[in-house]
Structure formats: C-alpha cells, structure tokens
Amino acid sequence: MRRCVGALRAAASASGSESGGFRSRFDFGSRDAASWFPGHMAKGLRQMRASLRRADCLVEVHDARIPLSGRNPVLREVLGIRPHLLVLNKMDLADPRQQSRILEQLRQQGCSHVIFTDCQQDTNVKKIVPLVAKLVSSSPRYHRAESTEYSIMVIGVPNVGKSSLINSLRRLHLKKGKATAVGGEPGVTKSLLTRIQVCETPLVYLVDTPGVLPPKLADVETGMKLALCGAIRDHLVGEDIMADYLLYVLNRQQQFGYMERYGLPEASDNIRHVLKYVAVTLGKTQKVKVLTGTGNVNMMMLDYSAAAYEFLRAFRAGHLGRLTLD
C-alpha cells in the first residue's frame, strides 16, 4: 500500500493536491463535456448524438479488466431507453474467477445484459448477434418499425476493442476480413464510420465510433486503471508512476508472476528494485555522459524508463498473469 500511495502522490504533485493530481489533468470542472476532449473525441460525440435516432440497439464495449471503472457517464446518458448490451472484451486478460462477482455488481447497477468476449479467438462473440436480435425484437423499433434490418451503434472508451469486435463479427458471420483499423493505443478510430455489415441473416449493420473518455474521472485510482489498460496515453500519466501502481496491484492480489519472469528472488514493493531486474533481464541500458575531473566519460547505465515501459507491456499482453483491476 505504501508504494501505491507514493504513486498516487506522484501523480498528484503537478497540482499540489494529493486527491486531485491525476484527475486534474482531465477534470475541467463545469466546462461542457465535449469541449475538452481531443478533437476527434468531441467530433465523435456530436456525431454519435446525431446518429442515435438511427440506432436500434447500443452495444457498449468495455475492458474486462476494469468492468466497473471508467465507463463513460456521458455515454450512459446516450443510452436512453434503447436496448443496451454491455460487452466486456479482452476476457483472456482478466481473472476468470471474478466473473460471477462482476456480473452481480453490474446487475445491481441495472446492467442485465452482459457478455464477456475475446475478439482474438472469437470466444463468445457468436452470442452477440442473437442477443441483439432478441433485444430489438422485444423493444419498440422507434423510427423504423417496418424495417427487418438491425442498426447497431458500438460505443465505449478508447482502446477497449470496438473495432476488433466489428472485425470479429464479420469474420464469424460473413467470412470476411477487417472492415476497420485496430491498434494497441487509444485514438485509432477518429471518426464515425459508415455502416458496416456484420451479418446476413438477420441483416445487421454496426457503426463504429471513436472512444470517448469521461469528462470527469471519479478518483485518481480510476484514472490509473484506465491508463494501465491503455485508455489514456502513457505519457500523459508517466510510465514510472503507472509501473509503481501496477506493482502495488500485483502484490495486493498476490500475482507474483513477475518474480519468475524477471528473476527476482522474492516479491518487492520497491518499484525501482523491480525495474532494475527488468532492465537487466531485457538488456535495457542507455549511454550516459558523465563529467569527471579528466573530461567526459561515456558510461552504460540501466534504462529504468525503458524497463517501466516493458513492465507495462508485459501486463497488457497477459505475461504477468490474468488480472482484474476492479
């Protein structure tokens, strides 16, 4: 816990407030929700609202490692009374033992239709179209009651796999390749795309949307969780701070896979000590010029920044164990 507090205090130092540091980079008070977003996010939010009347169902995609944290309240307002399906993607990286607990908590929040998916293996993706068809058929069809096709809007925060989900559905139902670009960092989808067919029977079209972050994070730790899962760009938080928080979570949940992976003799809550082993194991060094009495000398030093980056990458790839942060 000591290292966690240290990490959160470090994140808070920019504003001089222990409770508001990380959030202060993103929380702009009463300013309009769309006004502070990166350009593509503000534009995407406007397009989503304009296109909402054409949607029969909303599929909200979120990261299974943070099933409760970071779901955008602005997007929840957009949901309205339309059928809503929550897809918790990247289930292969989350702790499967936590699924029943998470489902119960989501039910208490009024989210009764939830599917865990892994778009890399198409696991459970095949359940989405039948459930969407069932939800829409049992709900008012709004503006297109006479139509037999389904128009689905896919929403969520950045980098949770919305585009991967669309491509997975096309692969399963149409035997076709990618229709939209995917990436390992937030901001790949920057504009609202045209409708993409993902199924022939029933006829289903999906609309991909850019990821939109909450205009105001609930607390610093929520921001850390979003950052660890790639919803916020690393440099906005700092890889060293994120690595410190990740180490705290791993130790708290007794996930000690990092010890074997990097050759540590025992668990540690000292992030610099851990990063030293990461740097040595992976050969992460940098040339540093040292001024001495006889002139400049180039020395090879361990690159702790590169080690922190690799530590985060290992977590995101599942090499440090399957972890649910909530």
Side-chain angles (χ1 to χ4, degrees), residues 48 52 55-140 150-173 182 198-199 202 204 206-209 211-214 218 222 225-226 228-231 253 318 322-326:
M48 285 165 60
L52 191 58
D56 297 308
C57 182
L58 290 167
V59 174
E60 179 188 359
V61 185
H62 202 59
D63 196 309
R65 294 169 293 180
I66 47 172
L68 306 174
S69 294
R71 291 177 59 206
N72 195 332
V74 174
L75 299 184
R76 294 192 215 181
E77 292 174 9
V78 166
L79 297 179
I81 61 173
R82 284 172 173 77
H84 169 229
L85 171 63
L86 174 61
V87 174
L88 294 176
N89 196 27
K90 306 183 183 182
M91 62 177 287
D92 56 310
L93 302 177
D95 187 347
R97 298 170 299 179
Q98 302 296 329
Q99 282 192 16
S100 59
R101 176 183 62 86
I102 293 299
L103 287 172
E104 179 57 32
Q105 289 183 264
L106 287 169
R107 288 191 191 99
Q108 292 176 8
Q109 296 177 6
C111 195
S112 55
H113 303 292
V114 182
I115 294 178
F116 286 86
T117 61
D118 169 14
C119 291
Q120 301 301 315
Q121 303 295 329
D122 295 335
T123 305
N124 289 344
V125 176
K126 60 185 178 182
K127 298 179 181 179
I128 293 177
V129 168
L131 181 52
V132 164
K134 178 181 178 181
L135 291 174
V136 174
S137 62
S138 61
S139 302
Y150 301 97
S151 181
I152 314 302
M153 182 177 288
V154 181
I155 63 175
V157 301
N159 202 31
V160 291
K162 298 185 298 296
S163 298
S164 295
L165 178 66
I166 291 177
N167 293 331
S168 181
L169 286 167
R170 284 174 58 84
R171 186 166 58 246
L172 278 172
H173 296 288
V182 299
V198 295
C199 188
V204 178
L206 296 190
V207 178
D208 195 10
T209 63
V212 181
L213 283 168
T222 295
K225 293 175 183 178
L226 282 165
L228 279 182
C229 293
Q253 298 195 19
R322 298 178 67 172
L323 199 66
T324 297
L325 300 177
D326 285 331

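These values consider heavy atoms only, across backbone and side chains, with no hydrogens, waters or symmetry-generated copies. All residue numbers in this chain count up from 1 along the given sequence.
- Side chain of S137 to backbone of A133: a donor-acceptor contact under 3.5 angstrom is found.
- Residues A94 and A64 share a closest heavy-atom pair of CB-O, 3.7 Å.
- A search for salt bridge (Lys or Arg N to Asp or Glu O under 4.0 Å) contacts involving D92 returns nothing, not counting sequence neighbours.
- Of all non-hydrogen atoms in V157 and A231, the two that sit nearest each other are CG2-CB, 4.5 Å.
- For the pair V59/V132, a side-chain contact is recorded, criterion being any heavy-atom separation below 4.5 Å from C-beta on.
- Contact annotation: the side chain of L58 never approaches that of I152 to less than 4.5 Å [non-hydrogen atoms, C-beta and beyond].
- When all heavy atoms of D326 and K225 are compared, the closest pair comes out as OD1-NZ, 3.1 Å.
- Counting all heavy atoms, side chain and backbone alike, H173 lies closest to V198 at CB-O, 3.1 Å.
- V204 has its side chain within reach of L206: a pair of non-hydrogen atoms, C-beta onward, lies under 4.5 Å apart.
- Looking only at side-chain heavy atoms (C-beta outward), I155 and V61 stay at 4.5 Å or farther from each other.
- Applying the salt bridge (charged side-chain N to carboxylate O under 4.0 Å, His left out) rule to pairs touching residues 106-118 yields E104-R107, sequence neighbours excluded.
- Residues that satisfy the side chain to side chain donor-acceptor pair (under 3.5 Å) test with Q253, not counting sequence neighbours, are absent from this structure.
- Residues L106 and L88 have side chains in contact (heavy-atom distance under 4.5 Å, counting atoms from C-beta outward).
- Counting only distance, with no hydrogens or angles, the side chain of S69 and the backbone of I66 share no donor-acceptor pair below 3.5 Å.
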Could you go through the side-chain contact (heavy atoms from CB on, under 4.5 Å) check for V207 and V154 one step at a time?
-> CA-CA 6 Å; V207 178; V154 181; over 6 Å; no
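- By the side chain to side chain donor-acceptor pair (under 3.5 Å) test, K90 pairs with no residue at all, sequence neighbours left out.
- Taking both residues in full, the closest heavy atoms of C119 and S168 are given as O-OG, 4.0 Å, listed atom of the first, atom of the second, then distance.
- You'll find the side chain of P67 reaches within 4.5 Å of the side chain of T324, heavy atoms only.
- P96 is linked by a side chain to side chain contact (heavy atoms under 4.5 Å, CB included) to R322, counting only residues two or more places apart in sequence or in another chain.
- Contact annotation: the side chain of H62 approaches that of L86 to within less than 4.5 Å [non-hydrogen atoms, C-beta and beyond].
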Steps toward side-chain contact (heavy atoms from CB on, under 4.5 Å) verdict (M91, N124) | CA-CA 10 Å; M91 62 177 287; N124 289 344; 4.0 Å; yes
Evaluation steps, side-chain contact (heavy atoms from CB on, under 4.5 Å), between L165 and I128 | CA-CA 10 Å; L165 178 66; I128 293 177; 3.4 Å; yes
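- Side-chain N/O atoms of N89 and T117 include a donor and acceptor closer than 3.5 Å.
- Distance check, rounded to the nearest 0.5 Å: CG of L323 to CG of L325 gives 5.0 Å.
- Looking only at atom types and distance, the side chain of S151 has no donor-acceptor partner in the side chain of D56 under 3.5 Å away.
- More than 12 heavy atoms of other shown residues, nucleotides or ligands fall within 6.0 angstrom of atom CD in Q105.
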Between C111 and H84, does a side-chain contact (heavy atoms from CB on, under 4.5 Å) hold up when you go through it step by step?
-> CA-CA 8 Å; C111 195; H84 169 229; 4.0 Å; yes
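- Residues T123 and V125 fail the side-chain proximity criterion, which asks for heavy atoms closer than 4.5 Å.
- Between the CG atom in L103 and the CD atom in Q98 there is a gap of 11.5 Å [rounded to 0.5 Å].
- Here Q99 pairs with nothing under the side chain to side chain donor-acceptor pair (under 3.5 Å) rule; sequence neighbours left out.
- Partners of K126 by side chain to side chain donor-acceptor pair (under 3.5 Å), not counting sequence neighbours: none found.
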